[in-house]
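Written below as structure tokens is the structure these notes are about.
Below, each value reflects all heavy atoms present in this structure, side chains not excepted, and no hydrogens, waters or symmetry copies. Whatever order the structure lists ligands and atoms in, that order sets their numbers, starting from 1. Note that the structure is a prediction, hence the values are computed from the model and not measured.
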Amino acid sequence: MKKLIIANWKMNPVSLKEAQKMMAGLKAGLKNSKVEVVVCPPFVYLTSFKFQVLSFKLGAQNCFWENRGAFTGEVSVKMLKDTGVKYVILGHSERRIIMGETAGQVNKKIKAVLQSGLVPVVCFGESLEEKQQGKSFVSIEKELKEMLEKISKENVAKIIFAYEPDWAIGTGNNCSSDDALTMALFVKKIMGEVYGKKVKESVRVLYGGSIGADNALSYLENEAISGLLVGGASLNIKKFLDIVENI
Ligand code: PGA
């Protein structure tokens, strides 16, 4: 299976004009057909790319779990689907830490995204404190089980997981490729225990946190890591293309 590289633009850039320039740069520069690329711009820019022929897919950075109604400021999966997105990032650590999003809320969002036929990209990862206290594995197992509550194994198999330790995001302090691999294998082990061998083998786990052209390849050597979630480096199209075109 092709490695999956997801660009998470977060709350950037600040104008549509800039977003269009970035997309044009990607369209012109992406040549590597051995990888699947997904770009996740802010919601407000999505519709302007809807009818364009792109060599990559579009994703969203969040969604709400209801389809419509009195939920001021929220965007539903149904609306997102209409903009042409295929993937939705859920439970990103910035949403958990800054916006106070809980595992229970992420669980509802995962269910809504799965029901719509889009693909959830579910982020998980330990805090620096948990890591320092040697609690990474315990906390991640708990977090995953809460986020996946009452989701069938057929549906769990459709989820893409992204290991994004809080301490590695936007810090320049990337997790070593060995540790990321250990975590990907740990997630697969849990999936095997809870959902069986088939899910264990097929589930995709990405790594994200301070990825750049200098370290990207080291994560992709092992087939247990199915791809990367790239934040900061995806805003510089040249840097992002360096990552993708070198795979
Ligand atoms: P970063 O962000 O690459 O800037 O560390 C990754 C992410 O938040 O998905």
Side-chain angles (χ1 to χ4, degrees), residues 3-14 18-19 22 25-26 35-43 45-46 56-63 85-101 103 106 109-110 113 119-128 130-131 136 140 143-144 147 159-177 179-181 183-184 187 204-220 225-247:
K3 297 282 187 187
L4 177 64
I5 310 295
I6 304 182
N8 175 12
W9 285 5
K10 308 192 180 185
M11 203 172 72
N12 300 290
V14 291
E18 257 181 282
M22 287 166 73
L26 283 174
V35 291
E36 192 182 338
V37 175
V38 177
V39 180
C40 304
F43 291 144
Y45 301 143
L46 282 169
F56 48 89
K57 301 224 165 66
L58 291 173
Q61 301 172 17
N62 180 33
C63 70
V85 309
K86 294 278 176 282
Y87 295 82
V88 186
I89 297 173
L90 295 173
H92 189 279
S93 71
E94 282 147 20
R95 297 209 54 80
R96 287 186 274 118
I97 296 166
I98 305 168
M99 269 62 93
E101 193 164 284
V106 178
K109 294 181 179 191
I110 297 173
V113 172
V119 180
V121 179
V122 176
C123 303
F124 67 95
E126 79 279 13
S127 65
L128 181 60
E130 286 164 337
K131 179 181 160 66
S136 302
I140 281 171
E143 187 187 12
L144 284 173
M147 291 195 298
I159 298 173
I160 293 172
F161 293 91
Y163 173 50
E164 293 219 315
D166 299 356
W167 48 269
I169 296 178
T171 57
N173 184 19
N174 59 306
C175 171
S176 75
S177 52
D179 287 352
L181 175 60
M183 200 51 85
V187 172
R204 293 203 272 175
V205 186
L206 316 180
Y207 167 73
S210 297
I211 286 289
D214 53 331
N215 58 26
L217 275 183
S218 65
Y219 296 95
L220 302 175
I225 297 188
S226 298
L228 302 168
L229 185 45
V230 187
S234 73
L235 295 175
N236 179 320
I237 297 307
K238 190 187 166 308
K239 277 192 192 165
F240 186 67
L241 287 172
D242 278 350
I243 295 173
V244 176
E245 296 301 311
N246 280 329
I247 295 169

Protein heavy-atom partner closest to atom 4 (O) of ligand 1 - residue, atom, separation in Å
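Result for atom 4 (O) of ligand 1: G232 N, 2.8 Å.
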
- Tell me, which protein residue and heavy-atom name are nearest atom 6 (C) of ligand 1, and how many Å apart are they?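 Result for atom 6 (C) of ligand 1: G231 N, 3.6 Å.
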
Exercise. Taking atom 2 (O) of ligand 1 as the point of reference, which of E164, H92, K10 owns the nearest heavy atom?
Worked result: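 That would be K10.
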
Determine, step by step, whether V88 and V121 satisfy the side chain to side chain contact (heavy atoms under 4.5 Å, CB included) criterion, reporting the C-alpha distance in whole Å, the side-chain angles of both residues, the deciding distance to 0.1 Å, and the verdict.
CA-CA 6 Å; V88 186; V121 179; over 6 Å; no

Taking 4.0 angstrom as the limit and counting only heavy atoms of [X], give me the atoms of ligand 1 inside it, by number and element.
{"X": "N8", "value": "9 (O)"}
{"X": "S210", "value": "1 (P), 3 (O), 5 (O)"}
{"X": "G170", "value": "1 (P), 4 (O), 5 (O)"}
{"X": "G209", "value": "5 (O)"}

Heavy-atom count check: over 12 atoms from other residues, nucleotides or ligands less than 6.0 Å from M99 CE? yes

Distance-only N or O hit between ligand 1 and L229, under 3.5 Å:
no

pair [X]-[Y]: side-chain heavy atoms closer than 4.5 Å:
{"X": "V187", "Y": "Y163", "result": "no"}
{"X": "N62", "Y": "K109", "result": "yes"}
{"X": "S136", "Y": "M183", "result": "yes"}

* Check I169 against ligand 1 and report side chain, backbone, both or neither, counting heavy atoms closer than 4.0 Å. =>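 Both backbone and side chain.
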
Could you walk me through whether Q61 and H92 pass side chain to side chain donor-acceptor pair (under 3.5 Å), step by step? CA-CA 8 Å; Q61 301 172 17; H92 189 279; over 6 Å; no

Task: Whether G208 lies under 4.0 Å from ligand 1, heavy atom - done: no

Do any N or O atoms from the side chain of S177 and from the backbone of Y219 form a donor-acceptor pair under 3.5 angstrom?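 Side chain of S177 to backbone of Y219: no pair is present.
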
